[in-house]
Amino acid sequence: MSFIAGAALAAEGESFESPTTSDFWWPLIGGDSNWAITRPAVVFLISALLIGWFFVSVTGKKLSVVPSKRQFMAEGAYDFVRNTIGRDIIGSKDFMRFVPLLLTCFTLILFNNLAGIIPFIQYPSTGRIAFPIVLTIIVFITYHVVAVKTKGGFGKYMGSLIPPGLPGWLKPIMFVLEFLTYFVIRPLTLALRLFGNMMAGHLMLLVFIVGGEYLLLHGGNIGLQGAGILSFASAILMTFFELLIEFLQAFIFTMLAALYIADAASEHH
């Protein structure tokens with residue numbers, strides 16, 4: 001809608017520039033092509049410190065039978081990750097050793113996703129590709145280490161990539177396909193899924209908000225100004241939808257991480 005309105009304004013002699021990904025570059029320190037400390041990086045660091053402080057402050061003292069609000073929130077997040085994701089996906093035998101990793105992924109991603117709708121921040125740190133990549137690297141290092149230990153060595157793990165019973169000529173082809181799946185495709189899709197959803201959602205909200213503001217201030221007639229009001233109303237609705245997406249993406253990333261780890265810990269991998 002905002003793109004259509006922008007075209008209408010352009011036809012009337014006004015100019016409207018739709019926001020692009022280049023608008024998301026906010027260097028706080030530096031800013032050249034070599035390095036910079038950006039607002040998303042600061043938000044990500046603050047979120048890690050706040051989440052760590054929150055759980056330490058709750059568990060560092062005696063827990064009460066009737067939980068406080070903070071204890072209730074901490075227990076709710078822990079139980080959700082421990083039972084719904086960890087135990088149900090990895091299994092009751094092996095899941096506990098991976099709960100810290102899964103809980104860290106879920107809470108860290110959720111907080112940084114929600115930063116996209118927090119006033120004065122209003123940008124999801126996971127909308128910068130570097131952060132999903134780092135989290136994905138950690139997940140797949142864990143995955144491959146577990147798989148090597150489960151199989152009894154790196155050589156046996158590489159050998160397990162070839163399903164038994166295949167004819168000799170097919171084994172090299174299958175090994176290449178399986179290697180690409182476990183070492184390239186799965187990590188790439190895990191990172192890009194989170195990044196793409198957060199970037200697209202934030203860009204969509206920005207288009208509606210900036211477009212609505214432009215229409216209200218520069219519309220020139222009541223029809224375009226009404227379209228600006230409708231654009232703002234759509235942005236409010238999309239914010240609630242984005243809230244759901246932000247939770248789902250944190251859940252999906254953590255769930256997939258648990259699925260991959262469960263696969264690595266399985267003797268049948």
Side-chain angles (χ1 to χ4, degrees), residues 1-28 31 36-47 50 69 73 77 106-133 189-255:
M1 181 186 67
S2 295
F3 288 109
I4 297 173
L9 286 173
E12 295 183 5
E14 300 286 348
S15 63
F16 171 74
E17 294 184 4
S18 298
T20 64
T21 55
S22 61
D23 297 319
F24 301 154
W25 174 247
W26 298 306
L28 300 179
I37 297 178
T38 62
R39 187 166 75 176
V42 173
V43 171
F44 199 90
L45 177 60
I46 292 174
S47 70
L50 286 177
K69 291 181 180 180
M73 292 176 60
F106 178 76
T107 53
L108 197 59
I109 292 172
L110 181 60
F111 187 100
N112 284 276
N113 287 355
L114 292 175
I117 59 174
I118 295 176
F120 306 110
I121 300 177
Q122 294 175 309
Y123 182 78
S125 304
T126 45
R128 297 300 296 268
I129 186 61
F131 300 108
I133 285 176
T189 55
L190 185 63
L192 289 181
R193 181 184 294 106
L194 176 59
F195 160 73
N197 278 277
M198 291 300 100
M199 171 62 75
H202 186 67
L203 186 59
M204 179 182 62
L205 286 177
L206 189 60
V207 167
F208 277 101
I209 293 171
V210 173
E213 177 189 20
Y214 193 90
L215 288 170
L216 283 174
L217 296 179
H218 306 285
N221 61 67
I222 192 170
L224 290 177
Q225 290 174 342
I229 295 175
L230 183 59
S231 181
F232 273 120
S234 299
I236 294 173
L237 292 176
M238 295 307 298
T239 298
F240 287 102
F241 179 73
E242 185 68 9
L243 178 63
L244 174 63
I245 297 300
E246 287 165 352
F247 173 81
L248 286 177
Q249 287 305 311
F251 172 72
I252 290 171
F253 186 99
T254 311
M255 180 189 68

Separation of Ser234 OG from Ile209 CD1 (nearest 0.5 Å): 11.0 Å
Least distance between heavy atoms, Ala115 atom then Ile121 atom: O-CG2, 3.6 Å
Close side-chain approach of Phe44 and Leu108, heavy atoms under 4.5 Å: yes
CG (Leu244) with more than 12 external heavy atoms under 6.0 Å: yes
Shortest non-hydrogen contact between Pro132 and Ile129, atoms and distance: CD-O, 3.3 Å
Heavy-atom check, side chain of Asn197 versus side chain of Asn113, under 4.5 Å: no
Pair Leu243-Leu114, side chain to side chain contact (heavy atoms under 4.5 Å, CB included): steps then yes or no: CA-CA 7 Å; Leu243 178 63; Leu114 292 175; 3.3 Å; yes
Nearest-0.5 Å distance that lies between atom CD in Glu246 and atom OG1 in Thr126: 7.5 Å
OH-CG distance between Tyr123 and Leu205, expressed to the nearest 0.5 angstrom: 12.5 Å
Where Gln122 and His202 come nearest, the two heavy atoms and their spacing: O-CE1, 2.6 Å
Test log, rule side chain to side chain contact (heavy atoms under 4.5 Å, CB included), inputs Phe232 and Ile236: CA-CA 6 Å; Phe232 273 120; Ile236 294 173; 5.6 Å; no
Shortest non-hydrogen contact from Pro40 toward Ser125: O-OG, 3.3 Å
Spatial distance of atom CG (Leu194) from atom OG1 (Thr189) [nearest 0.5 Å]: 12.0 Å
Verdict with supporting geometry, Gln249 and Ile252, side chain to side chain contact (heavy atoms under 4.5 Å, CB included): CA-CA 5 Å; Gln249 287 305 311; Ile252 290 171; 4.1 Å; yes
Straight-line distance of Leu192 CG to Ile133 CD1, nearest 0.5 Å: 7.5 Å
Heavy-atom pair of closest approach, residues Arg128 and Phe195: C-CD1, 4.0 Å
Distance in Å, Met255 CE paired with Leu248 CG, rounded so as to fall on 0.5 Å steps: 10.0 Å
Ring geometry between Phe247 and Phe106 (parallel below 30°, tilted from 30 to 60°, perpendicular above 60°): perpendicular
Heavy-atom pair with the smallest gap, counting every atom of Ala235 and Thr239: O-OG1, 2.7 Å
Under 3.5 Å: donor-acceptor pair, side chain of Arg193, backbone of Phe253: no
Check: Ile245 and Phe241 side chains under 4.5 Å, non-hydrogen atoms: yes
Polar contact flag, side-chain donor to acceptor under 3.5 angstrom, Ser47-Asn112: yes
